[in-house]
Amino acid sequence: MSLAGFNPRNVLRQTSNGLLEEMFGGLKIPMDVNWSEAIETDVEPIFQAYQSLEEPTRQKIELLLRDLHSMATESGQRSIFQQAIQVSEDDFLAELERFDSRYDVAMLTYLSKPEVWQVATRFAAADRVIGGRSSQRRINLPSAKPRTSPQRMKSFSGALSAFYSAHQGRGRQCVAEYLLRCENLHYVFASLDDYRKTFMKLIDGGNAFKRVCETHVFENVFAYDEANHVLDVYALGGKPTIAPLQKIFAREFLGIELPPEDPNAEPFSLGVLLDPKFRFPTDPEDAVRSVVIAAARVLILGSKEKLHFNPNVDFGPSSFQRMIERYIRQDNLPRSIMHIERVDLRFLMENGHEFNLSITRPSRSTIKSLATRDRLLAEKYLRQWGIDLASDCDAVSVA
């Protein structure tokens, strides 16, 4: 998320001397500058004092100047004003209007409203990656209210960690942070531990090098526009990584099953069968005694490994869920990273008749091989349960 064009001399020149003096004073960094005689935009005395600082102190100031430079951009300024409006800082907004320099606006926010600054810098960094090469957008999501409680965010973090651990062997620790940018615009910043890396690091005041091994953090950004049903995801790895992340976000954060982008090419959505509360509801007039999952094949998102389930159907509609809960640790393998590839359904009728139906994603089914009465009943409930998404059942092939 770095920003090109940074030059500390330029940041110091563009920022008012009074604000610079307040910044260095607040950080308790002595500067060999006579601030009362310093001339605005005559940056050389200030820059020379900055250059003469001890290396650790100068690096600390350089990081801050980089942040100020990034927040002096159009997107950075927009983030500052949006966040100030979001938290109703009306007096502060009026004060910002007095400044012509974007650097002064950024510096005053850093000095006077650190809580606004911290959030605004997160959003500005997100703006630099959302819409870029490593982000993808999904439109026309089903209407859903975000689930932002601490418990839900912890569950979301666990699902992301499980996905990355299986998919890439990293991300075993994850913290997902929710921020509301403005009405109906929801952001989640997920920080995960990266692979350990070895670096040559300056030590002893810059007089020697030492080989060190460190674990850094990488970040994913999720931006959900609730009003327009749009989801943007920033993550490295392209579609093989982002597509599963979209599904995890939909299941954990929105509590919905993400439909396929092209229902005609992918008419079956089996995610509802992973809902622990789903019990195959039917209408009394159809005289269906029970519907059970006789067998299922589950792919782990981010992995080539698959699980095969053959639950004891004597436990009825809950047999599949009972098997998951009994034999799989949810903290290690949450439902949100499971992906049902194939399922065998068994319909048990009140009159003793029963029939089986197999569905294999994305588009194969044995529904056309059923007797007419059974086929019509199965088609009705596959649509009613949200499993059959295709408008024309004839588009489905026979397995």
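Side-chain atoms are counted along with the backbone in the values below, which use heavy atoms only and exclude waters and symmetry mates.
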Quick one: does [X]'s side chain have a donor or acceptor within less than 3.5 Å of a partner on [Y]'s backbone?
{"X": "Ser369", "Y": "Thr366", "value": "yes"}
{"X": "Ser155", "Y": "Gln151", "value": "no"}
{"X": "Ser161", "Y": "Ser157", "value": "no"}
{"X": "His167", "Y": "Gly302", "value": "yes"}
{"X": "Ser16", "Y": "Leu19", "value": "no"}
{"X": "Asp193", "Y": "Arg172", "value": "yes"}
{"X": "Gln321", "Y": "Lys277", "value": "no"}
{"X": "Ser101", "Y": "Gln14", "value": "yes"}
{"X": "Glu40", "Y": "Asn17", "value": "yes"}
{"X": "Asn7", "Y": "Arg9", "value": "yes"}

Is there a path from [X] to [Y] through hydrophobic residues (I, L, V, M, F, W, Y) whose side chains come within less than 4.5 Å of each other?
{"X": "Leu307", "Y": "Phe163", "value": "yes"}
{"X": "Tyr327", "Y": "Met338", "value": "yes"}
{"X": "Ile29", "Y": "Val43", "value": "yes"}
{"X": "Phe92", "Y": "Met107", "value": "yes"}
{"X": "Leu348", "Y": "Leu273", "value": "no"}

Quick one, His216 with Glu214, criterion side-chain hydrogen bond (donor to acceptor under 3.5 Å, both in side chains). Give me CA distance, side-chain angles, the key distance, then yes/no. CA-CA 6 Å; His216 291 192; Glu214 298 178 348; 2.8 Å; yes
How about Phe222 and Phe156: are their ring centroids closer than 6.0 Å? yes
Looking only at side-chain N and O atoms, does [Y] offer a donor or acceptor that is under 3.5 Å from a partner on [X]?
{"X": "Ser319", "Y": "Asn312", "result": "no"}
{"X": "Tyr50", "Y": "Asp32", "result": "no"}
{"X": "Arg342", "Y": "Ser358", "result": "yes"}
{"X": "Asp374", "Y": "His353", "result": "yes"}

Is there a side-chain contact between [X] and [Y] (heavy atoms, below 4.5 Å)?
{"X": "Arg375", "Y": "Arg373", "result": "no"}
{"X": "Glu219", "Y": "Arg122", "result": "yes"}
{"X": "His339", "Y": "Ile300", "result": "no"}
{"X": "Leu64", "Y": "Met23", "result": "yes"}
{"X": "Met31", "Y": "Leu53", "result": "yes"}
{"X": "Leu96", "Y": "Thr109", "result": "yes"}
{"X": "Val343", "Y": "Arg297", "result": "no"}
{"X": "Gln83", "Y": "Val87", "result": "yes"}

Does [atom1] belonging to [X] count more than 12 external heavy atoms closer than 6.0 Å?
{"X": "Gln51", "atom1": "CD", "answer": "yes"}
{"X": "Ile139", "atom1": "CD1", "answer": "no"}
{"X": "Glu115", "atom1": "CD", "answer": "yes"}
{"X": "Ile39", "atom1": "CD1", "answer": "no"}
{"X": "Arg137", "atom1": "CZ", "answer": "no"}
{"X": "Asn351", "atom1": "CG", "answer": "yes"}

Salt-bridge test for [X] and [Y]: reply yes if a basic N is under 4.0 Å from a carboxylate O, no otherwise.
{"X": "Asp127", "Y": "Arg181", "value": "yes"}
{"X": "Arg58", "Y": "Glu55", "value": "yes"}
{"X": "Glu54", "Y": "Lys60", "value": "no"}
{"X": "Asp331", "Y": "Arg329", "value": "yes"}
{"X": "Asp286", "Y": "Lys380", "value": "yes"}

From [atom1] ([X]) to [atom2] ([Y]), nearest 0.5 Å:
{"X": "Glu95", "Y": "Asp90", "atom1": "CD", "atom2": "CG", "value": "13.0 Å"}
{"X": "Thr215", "Y": "Tyr195", "atom1": "OG1", "atom2": "OH", "value": "12.5 Å"}
{"X": "Thr15", "Y": "His69", "atom1": "OG1", "atom2": "NE2", "value": "11.5 Å"}
{"X": "Ile387", "Y": "Tyr381", "atom1": "CD1", "atom2": "OH", "value": "13.0 Å"}
{"X": "Ile293", "Y": "Ile324", "atom1": "CD1", "atom2": "CD1", "value": "8.0 Å"}
{"X": "Leu20", "Y": "Arg13", "atom1": "CG", "atom2": "CZ", "value": "12.0 Å"}

Phe320 vs Phe280, test: ring-ring contact (aromatic ring centres under 6.0 Å, His included). Steps then yes/no. CA-CA 12 Å; Phe320 178 58; Phe280 298 99; 9.2 Å; no
Test ring pair (Phe, Tyr, Trp, His ring centres under 6.0 Å) applied to Phe123 and Trp117, Phe81, Tyr187, the passing residue: Tyr187
Side chain to side chain donor-acceptor pair (under 3.5 Å) test vs Ser336 passes for just one of Lys247, Glu252, Arg251, namely Glu252
Using the rule given for side-chain contact (heavy atoms from CB on, under 4.5 Å), can you reason through Val11 versus Phe6, listing the C-alpha separation, both sets of side-chain angles and the distance that settles it, and then say yes or no? CA-CA 8 Å; Val11 178; Phe6 168 72; 3.9 Å; yes
Which class fits the ring pair Tyr178 and His186: parallel under 30°, tilted 30 to 60°, perpendicular over 60°? parallel
Hey, mind stepping through Cys213 and Lys197 against side-chain contact (heavy atoms from CB on, under 4.5 Å) and telling me if it holds? CA-CA 6 Å; Cys213 188; Lys197 297 179 181 178; over 6 Å; no
Please determine which of Val233, Leu141, Val188 meets the side chain to side chain contact (heavy atoms under 4.5 Å, CB included) test together with Phe249. Val188
Given Glu89 and Lys113, is the side-chain contact (heavy atoms from CB on, under 4.5 Å) satisfied, shown in steps? CA-CA 9 Å; Glu89 288 283 359; Lys113 299 294 177 182; 3.3 Å; yes
Walk me through it: do Asp232 and Tyr224 pass the test side-chain hydrogen bond (donor to acceptor under 3.5 Å, both in side chains)? CA-CA 6 Å; Asp232 288 293; Tyr224 172 58; over 6 Å; no
Tightest non-hydrogen contact, residues Leu93 and Ala84, listed as CD2-CB, 3.5 Å
